[in-house]
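Here is the structure we will look at, set down as structure tokens.
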Amino acid sequence: MLSGDIPPNQTIYIKNLNEKVKKEELKRSLYALFSQYGRILDVVALKTTKLRGQAWVVFSEVTAASTAVRQMQSFPFYDKPLRIQYAKTKSDCVAKADGSFVPREKKKRKEEKAAEKRRKAEETQQSGVASNGQSFQSNGGPSVSQTSNQGKPQEAATPNNILFIQNLPFETTSAMLQILFREYPGFKEVRMIEAKPGIAFVEFEDDMQSSIAMQSLQGFKITPQYPMAITYAKK
DNA sequence: AGCACA
């Protein structure tokens, strides 16, 4: 099997990520890029020596993960092709949702393993040694787990640097759209067609930049009754 | 290359 015989999982494991990208930006960009395949429950990325260059994107549906694995395979992301597989284990946020979550002991490192051993010994002989002097200060990360966003359903959406905007109020002008879209890096131009009111094309320099703008402005209302619907233009 | 949940 191409995915390295790992069974399907609603979480995808991504490697070969550009390690120069800062963690929060990386998470945001991954969220932006992958939310086209479905609702994302969490994005996990750490920059420890063991885990830099990798990330996990947790979808609410396995089918969304499958589509993402296929369609975003080798997608150039910060100048490096994504390598995507299914994750090997269930994500905590999923376990928490289905009730199977059990907080793990931190047996990641040798010292911690040793600590655990000590602890176990302690347990068995009921000695009251309060030896664990670790003042465990979690390094204050805001842990940007996205709150409930509306996920766009999963269709064969092939990324494109050109976005297709629909459901615009007829009075929308390209100048109005420019004001919105030019905030996003890589913006090139807005094109509208006189004969077809309510739609527009917005071009970016590349797929990634268009994806980020799409995610950010998805559903944006120019007027209250018209949330804009953004998809990739057809190639 | 590397599968975690600060």
Side-chain angles (χ1 to χ4, degrees), chain A residues 1-35 37-119 130-149 151 215:
Chain A
M1 202 181 257
L2 276 143
S3 53
D5 58 6
I6 300 160
N9 189 312
Q10 73 192 82
T11 302
I12 58 173
Y13 168 70
I14 307 168
K15 60 183 178 179
N16 200 40
L17 291 165
N18 188 327
E19 297 179 13
K20 283 175 286 191
V21 184
K22 288 183 296 297
K23 189 170 74 176
E24 288 311 317
E25 178 184 344
L26 181 70
K27 285 186 177 185
R28 285 182 62 85
S29 298
L30 286 171
Y31 188 91
L33 191 62
F34 282 96
S35 56
Y37 297 105
R39 183 194 198 84
I40 292 175
L41 303 179
D42 198 11
V43 177
V44 175
L46 292 86
K47 300 212 68 173
T48 60
T49 39
K50 194 183 167 199
L51 292 170
R52 66 186 50 159
Q54 301 152 77
W56 290 260
V57 175
V58 187
F59 289 98
S60 64
E61 304 286 345
V62 187
T63 53
S66 300
T67 312
V69 170
R70 270 185 289 111
Q71 293 197 16
M72 295 306 279
Q73 202 60 258
S74 305
F75 181 84
F77 188 67
Y78 293 105
D79 302 320
K80 299 187 72 183
L82 296 179
R83 301 296 176 220
I84 314 175
Q85 302 167 353
Y86 293 113
K88 287 179 178 164
T89 57
K90 186 189 283 189
S91 295
D92 280 2
C93 74
V94 174
K96 280 171 182 161
D98 69 20
S100 64
F101 180 71
V102 38
R104 69 181 62 72
E105 300 303 322
K106 353 185 135 49
K107 52 190 171 208
K108 296 186 240 172
R109 297 282 158 104
K110 307 175 207 163
E111 328 97 53
E112 297 184 5
K113 223 173 189 174
E116 195 197 355
K117 213 175 239 172
R118 225 187 314 127
R119 199 179 172 198
S131 56
N132 54 346
Q134 43 180 339
S135 76
F136 199 89
Q137 190 70 348
S138 61
N139 51 350
S143 170
V144 181
S145 67
Q146 312 282 346
T147 49
S148 317
N149 287 45
Q215 170 60 24

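The sequence lines fix the lettering, A, B, ..., with proteins before strands; numbering per chain opens at 1.
- Within the structure, every side-chain polar atom (N or O) of A:Lys15 is placed at least 4.0 Å from both OP1 and OP2 of B:dC3.
- The side chain of A:Arg104 sits closest to B:dC5 out of B:dC3, B:dG2, B:dC5.
- With distances taken from any side-chain atom of A:Leu46 to the nucleotides B:dA6, B:dA4, B:dA1, the minimum falls on B:dA6.
- Rounded to an integer number of Å, the gap from A:Lys90 NZ to B:dC3 P is 20 Å.
- Rounding to whole angstrom units, CD of residue A:Gln85 and C1' of B:dC3 are separated by 9 Å.
- If you take CG of A:Leu17 and P of B:dC3, they are 14 Å apart, rounded to a whole angstrom.
- In this entry the distance linking CD of A:Glu19 with C1' of B:dA1 reads 10 Å, nearest Å.
- Between the C1' atom of B:dC3 and the CD1 atom of A:Ile84 lies a distance of 15 Å, rounded to the nearest Å.
- Using a 3.5 Å distance cut-off with no hydrogens or angles, the side chains of A:Tyr86 and A:Ser66 do pair a donor with an acceptor.
- Mapping A:Lys47 and A:Trp56 onto DNA chain B by nearest heavy atom places A:Trp56 at the nucleotide closer to the 5' end.
- For DNA chain B, no neighbouring residue in residues 94-103 of chain A is found when judged by any heavy atom under 4.0 Å.
- Between the C1' atom of B:dC5 and the NZ atom of A:Lys27 lies a distance of 9 Å, rounded to the nearest Å.
- By the side-chain contact (heavy atoms from CB on, under 4.5 Å) test, A:Asn16 is found to be paired with A:Lys80, A:Pro81, A:Arg83, residues two or more places apart in sequence or in another chain being considered.
- Here the side chain of A:Asn9 pairs a donor or acceptor atom with the backbone of A:Thr89 at under 3.5 angstrom.
- Evaluation of the side chain to side chain donor-acceptor pair (under 3.5 Å) test over residues 51-61 of chain A, restricted to residues two or more places apart or in two chains, returns A:Tyr13-A:Gln54.
- For A:Ser91, the side-chain contact (heavy atoms from CB on, under 4.5 Å) partners at least two apart in sequence or on another chain are A:Thr11, A:Val58, A:Cys93, A:Val94.
- Legend: residues meeting side-chain hydrogen bond (donor to acceptor under 3.5 Å, both in side chains) with A:Lys90, ordered by chain and number and at least two apart, are A:Asp98, A:Ser100.
- Between the side chain of A:Ser91 and the base of B:dA4, at least one donor-acceptor pair of N or O atoms lies under 3.5 Å.
- Rounded to whole Å, the distance from CZ on A:Arg83 to P on B:dC3 is 17 Å.
- Looking at residues two or more places apart in sequence or on another chain, you find a side-chain contact (heavy atoms from CB on, under 4.5 Å) between A:Ala55 and A:Leu17, A:Leu30, A:Ala45.
- For the pair A:Gln54 CD and B:dG2 C1', the computed distance is 4 Å after rounding to whole Å.
- The listed nucleotides are B:dA4, B:dC3, B:dA6; the one nearest the side chain of A:Tyr13 is B:dC3.
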